[in-house]
Amino acid sequence: MSSAAAAAAAATAAAAATSFAAKFDPSTSPSRRCLRLRGSPCPRRAVATMAVSTPRSSAAASFLDRRESERALHFVKYQGLGNDFIMVDNRDSAVPKVTPEEAAKLCNRNFGVGADGVIFVMPGINGADYTMRIFNSDGSEPEMCGNGVRCFARFIAELENLHGIHSFKIHTGAGIIIPEIQNDGKVKVDMGQPILSGPDVPTKLPSTKNEAVVQADLAVDGSTWQVTCVSMGNPHCVTFGTKELKVLPVDDLNLSDIGPKFEHHEMFPARTNTEFVQVLSRSHLKMRVWERGAGATLACGTGACAVVVAAILEGRAERKCVVDLPGGPLEIEWRENDNHVYMTGPAEAVFYGSAVH
């Protein structure tokens, strides 16, 4: 081909491309929408070098089509010290938007979104501002979740566009819980009074101190563990070690082995959360947790509260402690004047998304 012919062919191709791009200009297409992260402006008109037109009836639907389908669940992922939750705005209904079985699939870290639980913000009842329900990663429904209620409070503030200090009355399976968002972004939660009566925890272990089960012997996996049982609206078995091992090096524990043996022990008719604790000082404790229905997690707010109550009952700690969890520290106080336990810690949104369920 001569140079003149080549130039003419190039000019013809350029004109055709210009005409094609004009027909499919994304800035003028009514089906084109701008998705952006917070604080990021929508990009200006992009220049495309190639466009492919796909029929709307194609099985390969666009992201926006899937996002707006009836089966899409919109959510915000929150975490509190690594304890992570799929938060769902369920204020328009008293029925959760997903079933326990669907929640378990969503929580699967390989085949779903991945989380320790799904939490629903629902209409308040019995004078509460909101109702909180949660499905664990195995589909079971606990009474309450301490880290989850902090995430719940921050999620409400986002939904209602609230700023500064705010508190809410939250109806849960453990009764009314009152979280308060602080100026520094942390959430302080009035967790109420601990339940110490053995049958009310519940546990079949006999009481050892008034009606409480304190430093009771529990045979697990060939060892005799000393345990204190506390309910923070959900059952907890707290141990500082076995009779043979007075100081428990919690980092050396194989939780996936020992945890289920506590959770499903015959002495706990409703199963139990289990906290393994190492005392660093009278105001500083370190714990690892095996959560009922969720397994080993990076943090457990109700568990940290139960740990401080148990440590005080056993004479190991003061009424105000820092509790180190794998995901970070929580501040816990068991006040003598009102017998309430107060928990303070962080909670933050980590991403927004939609899931097909």
_Atom pair SG/CZ of Cys145 and Arg150 - distance to nearest 0.5 Å_ = 8.5 Å
*For Gln215, does its backbone N or O pair with a side-chain atom of Lys209 as donor and acceptor, under 3.5 Å?*
no
*Which pair of non-hydrogen atoms, one from Thr208 and one from Val214, has the smallest distance, and what is that distance?*
OG1-O, 2.6 Å
_Looking at Asn210, I'd like to know if its CG atom is crowded, meaning that more than 12 non-hydrogen atoms belonging to other residues, nucleotides or ligands lie closer than 6.0 Å._
no
_Note, Asn136 side chain near Pro142 side chain (heavy atom, < 4.5 Å)_ = yes
*Electrostatic pair Arg133-Glu141, nearest N-O below 4.0 angstrom*: yes
*Indicate if Phe155 and Tyr352 have the same hydrophobic cluster label, given that clusters are the connected sets of ILVMFWY residues with side-chain heavy-atom separations under 4.5 angstrom.*
yes
_For the student: nearest non-hydrogen atoms of Pro123 and Thr131, plus distance_ = O-OG1, 2.7 Å
_I'd like to know if Leu253 and Leu280 are part of one continuous hydrophobic network [Ile/Leu/Val/Met/Phe/Trp/Tyr, side-chain heavy atoms within less than 4.5 Å]._
no
*His265 side chain to Thr272 side chain, donor-acceptor N/O pair below 3.5 angstrom*: no
*Ignoring hydrogens and geometry, is there a side-chain-to-backbone donor-acceptor pair from Arg292 to Ala270 under 3.5 Å?*
yes
*Are the side chain of Ser223 and the backbone of Trp225 linked by a donor-acceptor contact shorter than 3.5 Å?*
no
*State plainly whether one hydrophobic cluster holds both Tyr342 and Val309, where clusters connect Ile, Leu, Val, Met, Phe, Trp and Tyr through side-chain heavy atoms under 4.5 angstrom apart.*
no
*Would you say the side chains of Glu314 and Thr228 form a donor-acceptor pair under 3.5 Å?*
yes
_Pairwise distance CG(Leu159) to CZ(Arg91) - rounded to 0.5 angstrom_ = 4.5 Å
*Could you tell me whether the side chain of Pro235 reaches within less than 4.5 Å of the side chain of Cys229, counting heavy atoms only?*
no
_Residue pair Ile181 / Phe168, side-chain heavy-atom distance below 4.5 Å_ = yes
*Taking Arg288 for its side chain and Val250 for its backbone only, find out whether a donor-acceptor pair lies under 3.5 Å.*
yes
*Is it true that a side-chain atom of Asn147 and a backbone atom of Asp84 form a donor plus acceptor pair closer than 3.5 Å?*
no
*Check for a donor-acceptor pair, side chain of Asp200 on one end and backbone N or O of Pro202 on the other, with a separation under 3.5 Å.*
no
*Enter the distance from Ile178:CD1 to Glu180:CD here, rounded to the nearest 0.5 Å.*
9.5 Å
*Might you work through the side-chain contact (heavy atoms from CB on, under 4.5 Å) test for Tyr130 and Phe120, ending with a clear yes or no?*
CA-CA 10 Å; Tyr130 303 93; Phe120 306 90; over 6 Å; no
*Is any side-chain heavy atom of Trp334 less than 4.5 Å from a side-chain heavy atom of Ile332?*
no
*For residues Glu318 and Val308, report the shortest heavy-atom separation together with the two atoms involved.*
O-CG1, 4.4 Å
*In this structure, are over 12 heavy atoms from other groups packed under 6.0 Å from Lys261 atom NZ?*
yes
*List the steps, then state whether side-chain contact (heavy atoms from CB on, under 4.5 Å) holds for Val98 with Val88.*
CA-CA 10 Å; Val98 300; Val88 179; 5.9 Å; no
*May I have the step-by-step check of side-chain contact (heavy atoms from CB on, under 4.5 Å) for Asn83 and Leu298, ending in yes or no?*
CA-CA 6 Å; Asn83 206 188; Leu298 294 179; 5.7 Å; no
*Rounded to the nearest 0.5 Å, how far apart are CE of Met287 and OG1 of Thr274?*
10.0 Å
*Any chance the side chains of Asp116 and Thr297 put a donor and an acceptor closer than 3.5 Å?*
no
_Less than 4.5 Å apart, side chain to side chain, heavy atoms only: is that true for Val323 and Glu275?_
no
*Check the hydrophobic clustering (I, L, V, M, F, W, Y; side-chain heavy atoms under 4.5 Å; chains of links allowed) and say if Met144 and Met232 are grouped together.*
yes
_Closest non-hydrogen atom pair, Pro260 against Trp290_ = CG-CZ2, 3.4 Å
_Test side-chain contact (heavy atoms from CB on, under 4.5 Å) applied to Phe262 and Phe276, step by step_ = CA-CA 11 Å; Phe262 276 84; Phe276 302 88; 3.8 Å; yes
*For Lys97, does the NZ atom have more than 12 heavy-atom neighbours from other residues, nucleotides or ligands under 6.0 Å away?*
yes
*asked:* Could you check whether Lys188 pairs with Glu333 (Lys NZ or Arg NE/NH1/NH2 to Asp/Glu carboxylate O, under 4.0 Å)?
replied: no
*For the hydrophobic clusters of this structure (ILVMFWY residues joined by side-chain heavy atoms under 4.5 Å, transitively), does one cluster hold both Leu196 and Val307?*
yes
*What heavy-atom pair brings Cys300 and His236 nearest, and what distance separates the two atoms?*
SG-CE1, 4.1 Å
*So, do Cys237 and Phe268 sit near enough that their side-chain heavy atoms are less than 4.5 Å apart?*
yes
_Lys NZ or Arg CZ of Arg154 over Tyr78 ring: under 6.0 Å, within 45°_ = no
*Quick one: CG on Leu330 to SG on Cys305, what's the gap to the nearest 0.5 Å?*
7.5 Å
_Does this structure show an ion pair linking Arg271 with Glu263, if we count only N-O contacts that are shorter than 4.0 Å?_
yes
*Are any non-hydrogen side-chain atoms of Lys243 and Gln226 less than 4.5 angstrom apart?*
yes
*With a 4.5 Å limit on heavy-atom distance, are the side chains of Asp257 and Asp221 in contact?*
yes
*Qualifying residue, where the test is side-chain contact (heavy atoms from CB on, under 4.5 Å) with Ile134 and the options are Ile119, Thr172, Val118*: Ile119
*CG/Asn339 to CD/Gln193 distance, rounded to the nearest 0.5 angstrom?*
4.5 Å
_Give me the atom names and distance for the closest heavy-atom approach of Pro100 to Gly139._
CB-O, 3.2 Å
*When you look at CD of Glu244, are more than 12 heavy atoms from neighbouring residues, nucleotides or ligands closer to it than 6.0 Å?*
yes
